[in-house]
Structure formats: structure tokens, C-alpha cells
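Whatever order the structure lists them in is the order used to number ligands and atoms, beginning at 1. Scope of the values below: all heavy atoms of this structure, side chains included, with no hydrogens, waters or symmetry mates.
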Amino acid sequence: MEILGCVDISPTWILCIAVLFLFYAYGKKRNRLFKDAGIPGPEPVIYIGHFHQFVMKGAYIKEWEKYGKVFGVFLGGLPLISVTDPEIIREVCIKDFQHFTDRTNLDLDDYPVTKSILLEKGANWKRIRNIVTPLFSGAKLRMMCDRIDQCSCVLTNNFVKAAESNQSIEVKPYFGAFTMDAISSTAFGIDVDSQSDFKNVFVEEAKKFFGEGIQNPLVMLAMIFPALTPLFRALGVSTFSRSTRKFFTKVLNEMIEQRKADMRAGKTKRHDFFQLLMDAEDDGSDSQGGPQRKKMTNEEIIGQALLFFIAGYETTANTLHFVAYSLAKNPDVQKRLTEEVDSVLGDNNPDYDNIGEMKYLDRVITETLRLYPAVTGVSRNVAETVTIKGYTFPKGCSVTFPPLAIHRDPELYPDPDSFKPDRWLQKSEMDPMNYLPFGHGPRQCVGMRLAQVEMKMALARILKKIQFVASEDTLPYVGMDNITIHSGILTPKKPILVKIKVRPDK
Ligand code: HEM
């Protein structure tokens with residue numbers, strides 16, 4: 001074909017140029033989304049967006065400093081609006097929740113996690129959330145305390161052994177094994193005993209859960225071209241570790257079969273989470289269908305149980321290891337906390353009631369989660385375009401609240417990098433939306449109270465016996481420069497090492 005009588009171009013070339021042009025024009029249009037909505041943010045690269053800056057390097061944790069309380073970025077093709085304004089957070093999480101019910105996810109091949117409340121959507125999420133919420137009631141948590149204390153005793157013994165070496169130790173594996181044993185025994189009635197073997201298969205599989213997906217080039221491609229997600233799903237591409245899902249699904253199915261066999265053999269029913277989940281299994285007797293159904297399918301039971309293993313392990317262990325670090329770096333706080341533990345406990349063991357009396361312990365944990373919120377991004381999907389406080393949130397975007405940005409804002413928390421538990425004496429004067437380690441609203445962390453009970457029980461038990469001491473191997477500080485986001489969890493770039501000393505009076 002001749003163009004303007006001089007250049008001879010074949011139809012194939014013209015088609016290629018047209019396709020390239022359309023591809024370019026579509027990419028440019030996609031990038032205009034935030035400009036058109038009046039939301040500021042860094043200039044995106046066509047198609048890649050800010051993927052290379054935020055997903056690959058974790059740079060996201062510093063970006064609010066440049067663009068203010070509301071700004072937009074593109075994680076490839078996923079438009080994400082970061083919000084640190086408490087009024088907007090309240091609106092999204094609580095007041096206007098019906099427009100922001102679901103969490104954003106890639107919809108890849110992630111069974112059975114897709115059946116869990118972490119990823120479930122709309123009415124189905126609400127139905128399952130209503131079923132699982134009572135599992136975390138005060139009465140249920142009270143029943144778990146004995147088992148948690150048994151695990152805390154093993155943890156204390158492990159620390160006492162570590163003290164004998166007089167070497168600095170990496171504390172995270174100790175707490176990781178403790179939380180795995182605690183969740184396994186309290187929620188599932190099984191004795192995993194990972195505290196005797198830090199490389200236990202449960203721990204190793206749980207560790208992999210969040211890590212593998214984001215390193216998979218096909219997952220990255222799905223983020224850059226979300227329209228291709230159905231294809232990737234059909235090809236079996238997943239966000240969460242395949243081997244972890246397979247391992248826990250197998251273990252959980254075996255546990256279900258075992259319990260059913262025990263029931264048939266007339267053995268006494270247990271009263272743990274897993275039994276309560278199993279009691280909610282749909283045996284066909286539930287006459288109400290759809291969103292009213294009060295029962296769960298076998299797949300849904302597996303989904304919730306798997307999530308409890310994973311969520312109950314990493315977040316709580318991560319927080320405990322930051323408590324240990326903070327106590328080692330602040331001996332005055334540790335002394336005061338130890339005095340509180342001694343005075344409340346006397347010769348008694350920690351239990352549900354006496355840990356509730358430890359007000360300073362509560363402030364220590366609250367302050368640790370302010371400085372080191374384990375989950376670094378709470379997000380919601382925009383179901384319908386809405387305008388809040390003059391900002392338009394376009395349908396299909398994800399709204400995310402970065403706890404770190406809020407928790408380290410000097411206007412909200414004077415001297416924000418210092419560990420000061422007593423700043424929480426004025427808790428009632430603070431806007432709760434400026435503190436969100438567990439999220440907010442109906443989709444808030446369902447395991448929050450379990451996590452708090454578990455952490456308090458463990459700390460009360462170990463501080464009766466040992467102290468954390470900073471050594472030359474302990475990081476001088478853990479701040480914005482030397483933390484990163486690893487698999488969605490706040491992680492110091494170098495591991496935290498401290499020395500353990502048995503208390504001189506013990
Ligand atoms: C210190 C420990 C923990 C922290 C910091 C933490 C943090 C969070 C955060 C930030 C969310 C998102 C909330 C939102 O979107 O508003 C969440 C959700 C969730 N967490 Fe936790 N969590 C912890 C422990 C636990 C434990 C022990 C369990 C259960 C055994 C658990 C189960 C869940 C579940 C099931 C969800 C999804 C809730 C839903 O979408 O309805 N978490 N957690």
C-alpha cells in the first residue's frame with residue numbers, strides 16, 4: 001500500500017502500527033485516572049505505573065511525605081489511593097462501609113484462601129464473618145488461656161537455655177515457634193511442638209505462605225495487566241504459596257476425618273475453634289439458603305482454618321519480637337513492666353483475669369504496634385464511585401491506609417520514633433482512626449483479642465523469669481531507614497538480636 005504516493009507499507013505493518021498506537025493510547029488513558037479525579041501523585045510509567053518503585057523496592061512506606069494525606073499510585077494496572085486522613089478513614093471503614101466492603105485482591109488460583117474471610121466478598125463475607133466472630137468471644141478466649149500458658153512455659157524454658165550461652169540470639173524464631181504452637185494447640189487441639197524444632201514443617205510452610213506469590217513473574221504480569229487475570233487463574237497462577245495451601249488442606253482434611261471418626265466412636269467432643277468450625281458444617285439441615293445460611297461448606301471450613309493458622313502465626317510473632325527489642329532498648333520500661341507483672345501475679349500463673357489488670361503491659365503492646373504495625377497496609381475496594389471530603393474515589397480503585405505513615409506522624413505522635421508507652425495514658429483524647437494496627441470497622445482483624453491475650457500471656461510468663469538485654473549485636477534503632485515490607489509484613493532489614501539474662505532474683 002502506498003502512503004502519500006511515496007512510502008510503500010504492507011497492510012501487516014499498518015495493522016501492527018495501529019495496534020501499537022491503540023496499546024499506547026489505552027496505557028496513557030489508564031494513567032490519567034487519578035489526574036481526572038483530581039488526586040495527586042507521582043507521574044506513572046506507562047503500563048508499569050509505579051510497580052518498580054513500590055512493589056519491587058517497598059518504597060511505598062516513605063511516599064506520603066511528598067504527596068500528603070491523599071495520593072494515588074499504580075501498582076502496574078492496579079490503581080491504589082493512599083489515605084492518611086482520619087475523617088476519610090472513618091468514612092471508608094465505618095460510615096460508608098457499604099461502598100467499601102471488600103478487600104482488593106488479584107482473584108488468582110488461591111483456593112482455599114479464596115473461601116476465607118480474608119478474601120471473601122460481599123454477602124458471603126458477611127455470612128462467614130458472622131459465623132466466625134463468636135469463636136473469639138471472651139468466654140472462648142478464657143478457655144484457651146491454660147494451653148497458651150503451657151506454650152509460654154516452653155518459650156520461657158527456651159529463653160533460659162539461650163541465656164546459658166550468653167550469646168546474642170535472633171528472637172524471631174523463638175516467638176514464631178511459640179505462636180505456631182499456641183494457635184495449633186488452642187485452635188486445633190494438636191501438639192505441633194515447633195518450639196522443640198524451629199524448622200518444623202508447620203512453621204516452614206506458614207513462613208512461605210505470603211512470600212512466593214509476589215516473586216512469581218506471572219503474578220507481576222497479572223498486576224500489570226489485570227484484564228489477563230482470568231487467563232492466569234485458569235493456568236493455575238496463585239498469589240499464595242501452592243505448597244503451603246496443599247500442606248494445610250491435607251492436614252485439615254485429615255483432622256476433619258479424625259474428629260468425625262472420634263465422634264462415631266463416642267469420644268468426648270472437644271471445645272476448640274476447629275470443633276466450633278466443624279459444628280457449623282452444612283449437613284443439609286439448614287433450611288435457609290444464600291446469605292442467610294448459618295452453616296459453612298467443607299471448603300469454607302478449610303479456608304477459615306487455614307487462615308487462622310497463617311494469620312495467627314506471623315503477625316503475633318512479629319509483634320512479640322518487636323516488644324522484646326523495645327524492652328531490650330528501653331531498660332527503664334522493662335523494669336517497670338517487670339514490677340507490674342510481679343505485683344499483679346505474685347505467685348500465681350498468668351490467666352485471663354490477671355493479664356487484664358496489667359495496664360502498663362497493655363500500653364507497652366499498644367506502643368509496639370504503633371511503631372511496628374505488623375500489617376503494613378489495610379485496604380478496601382471501591383465498589384461505586386464516591387466523593388468524600390472533596391476527593392473522588394473512582395470505582396474499581398483500591399483505598400489503602402498505611403499505618404506506618406500515620407503512626408509515625410510527628411503531629412499526631414510527638415517524638416514519633418521514641419518508644420513511650422505512657423503516651424497511651426491519654427488514649428481517650430486520641431482519634432482512634434489515627435491508630436490502625438488491626439484495621440477498623442466491620443472488617444477489622446477478627447483475631448485481635450486472641451492476639452492480645454496470647455501476647456500478654458506470653459510476656460507475663462517470660463518476664464517472671466528473664467530479661468531482654470541489648471548487646472553490641474542489637475540494631476541501634478529500627479526506623480524508617482532500615483525497615484522494609486516482606487510479604488506484606490513489616491520486617492527489619494537485618495534480624496533482631498538480643499541477649500537473654502535470667503533475672504537475678506529468680
Ligand atoms: C498482632 C497480631 C495481629 C495483627 C497486627 C493483625 C492485623 C490485621 C489487620 C491489619 C487486618 C486487616 C483489617 C482491616 O482490613 O481492617 C487483619 C485481618 C484479619 N486477621 Fe488479623 N492480625 C493479628 C492477629 C490475628 C490472629 C491471631 C488471627 C486469627 C487467628 C487473625 C485473623 C485475621 C482475619 C481472619 C482477618 C480478616 C478479617 C476479615 O476480612 O473479615 N489476625 N489482621
Side-chain angles (χ1 to χ4, degrees), residues 83 89-90 92-94 97 100-105 112-133 135-136 140-141 144 148 175-176 178-180 182-188 206 209-210 272-274 276-277 300 303-323 364-366 368-381 398-404 406-407 432-433 435-459 485 488-490:
V83 173
I89 298 175
R90 187 175 289 103
V92 171
C93 287
I94 302 168
F97 181 67
F100 301 93
T101 313
D102 300 333
R103 208 163 268 132
T104 312
N105 72 295
V113 192
T114 41
K115 298 282 169 196
S116 75
I117 49 169
L118 186 72
L119 300 187
E120 267 294 4
K121 297 187 165 69
N124 223 19
W125 163 76
K126 196 169 176 201
R127 178 178 64 81
I128 302 176
R129 174 95 191 197
N130 284 339
I131 298 173
V132 301
T133 299
L135 307 190
F136 298 88
K140 302 276 183 325
L141 296 179
M144 293 180 189
I148 297 178
F175 287 118
F178 160 73
T179 55
M180 179 52 80
I183 194 80
S184 312
S185 97
T186 53
F188 299 94
F209 181 71
F210 291 110
D272 53 20
F273 269 21
F274 197 51
L276 293 163
L277 285 176
E300 287 169 348
Q304 312 324 310
L306 171 103
L307 187 66
F308 290 168
F309 262 118
I310 302 297
Y313 156 72
E314 177 73 43
T315 48
T316 316
N318 194 60
T319 308
L320 279 169
H321 107 294
F322 277 122
V323 174
V364 165
I365 292 173
T366 307
T368 305
L369 279 164
R370 178 188 71 81
L371 280 168
Y372 313 109
V375 178
T376 49
V378 174
S379 73
R380 299 286 185 274
N381 192 52
S398 177
V399 186
T400 185
F401 318 110
L404 264 180
I406 299 167
H407 294 181
M433 296 303 123
Y435 182 72
L436 53 163
F438 293 104
H440 280 298
R443 200 135 198 176
Q444 186 181 44
C445 173
V446 77
M448 176 175 75
R449 293 177 68 203
L450 169 62
Q452 284 167 336
V453 166
E454 203 179 310
M455 291 191 287
K456 287 179 182 178
M457 290 288 295
L459 289 165
I485 300 169
I489 298 284
L490 186 80

Report the residue from H407, M448, R370 that forms a side chain to side chain contact (heavy atoms under 4.5 Å, CB included) with P437.
-> H407
Heavy-atom contacts with T319 under 4.0 Å: which atoms of ligand 1 show up? List them by number with element.
-> 1 (C)
Can an N or O of S379 be found at a distance shorter than 3.5 Å from an N or O of ligand 1?
-> no
What distance do T316 atom OG1 and F178 atom CZ have between them, rounded to the nearest 0.5 Å?
-> 8.5 Å
Starting from atom 23 (C) of ligand 1, which protein heavy atom do you reach first, and at what distance in Å?
-> T315 OG1, 3.3 Å
Run the numbers for me: atoms of ligand 1, each under 4.0 Å from some heavy atom of W125, listed by number.
-> 39 (C), 40 (O), 41 (O)
min-distance protein heavy atom vs atom 28 (C) of ligand 1 -> G447 CA, 3.6 Å
Top protein contact for atom 27 (C) of ligand 1, by heavy-atom distance = G312 CA, 3.6 Å
Supply the atom-to-atom distance L119 CG to N124 CG, rounded to the nearest 0.5 angstrom.
-> 12.5 Å
Report yes or no: does I183 have a heavy atom closer than 4.0 Å to ligand 1?
-> yes
Which heavy atom in F401 sits nearest to a heavy atom in C93, and how many Å separate them?
-> CE1-SG, 3.6 Å
Would you mind finding which of P403, A187, A311 brings a heavy atom closest to atom 32 (C) of ligand 1?
-> A311
Starting from atom 10 (C) of ligand 1, find the nearest protein heavy-atom neighbour and note its residue, name and distance.
-> P437 O, 3.1 Å
In ligand 1, the atoms that come under 4.0 Å of a heavy atom of L307 are 35 (C)
Would you say ligand 1 has an N or O under 3.5 Å from any N or O of T316?
-> no
Say whether R129, considering both its backbone and side-chain N or O atoms, lies within less than 3.5 Å of an N or O atom on ligand 1.
-> yes
Taking heavy atoms and a distance under 4.0 Å, where does I117 meet ligand 1: side chain, backbone, both or neither?
-> both
Heavy-atom pair with the smallest gap, counting every atom of M180 and A206 | CE-CB, 3.6 Å
To the nearest 0.5 Å, tell me how far F308 CZ sits from I117 CD1.
-> 6.0 Å
Of the non-hydrogen atoms in R449 and L141, which two are nearest, and what is the gap between them?
-> CB-CD1, 3.6 Å
Measure the acute angle between the ring planes of F188 and F309, then classify it against the limits of 30° and 60° as parallel, tilted or perpendicular.
-> parallel
First locate atom NZ of K140, then atom OG1 of T186, and finally report the distance between them rounded to the nearest 0.5 Å.
-> 13.5 Å
Looking at atom 36 (C) of ligand 1, what's its closest protein heavy atom, distance included?
-> V446 N, 4.3 Å
Numbered atoms of ligand 1 (with element) below 4.0 Å of G439, judged on heavy atoms | 10 (C), 13 (C), 14 (C), 16 (O)
Examine the proximity of ligand 1 to R380 and report which part, side chain or backbone, both or neither, has a heavy atom under 4.0 Å away.
-> side chain
Proximal ligand 1 atoms for R103, defined as those under 4.0 Å from one of its heavy atoms | 12 (C), 13 (C), 14 (C), 15 (O), 37 (C), 39 (C), 40 (O)
Got a second to check how far E300's CD is from I131's CD1, nearest 0.5 Å?
-> 7.0 Å
Show which atoms of ligand 1 fall inside a sub-4.0 Å distance from at least one heavy-atom site of V375.
-> 7 (C), 8 (C), 10 (C)
Pull out every atom of ligand 1 sitting under 4.0 Å from any heavy atom of V378, numbered as shown with elements.
-> 10 (C), 14 (C), 15 (O), 16 (O)
Taking atom CD1 of I89 and atom NE2 of H440, what is their separation to the nearest 0.5 Å?
-> 7.0 Å
Per-atom contacts, ligand 1 versus H440 - under 4.0 Å to a heavy atom = 16 (O)
Return the residue, atom name and 0.1 Å-rounded distance of the protein heavy atom closest to atom 6 (C) of ligand 1.
-> F438 CD2, 3.7 Å
Considering only the protein, which heavy-atom contact is closest to atom 17 (C) of ligand 1, and what is its distance?
-> C445 CB, 3.4 Å
Is there a ring pair (Phe, Tyr, Trp, His ring centres under 6.0 Å) between F175 and F322 once you walk through the steps?
-> CA-CA 10 Å; F175 287 118; F322 277 122; over 10 Å; no
More than 12 foreign heavy atoms under 6.0 Å from NZ of K121: is that the case here?
-> yes
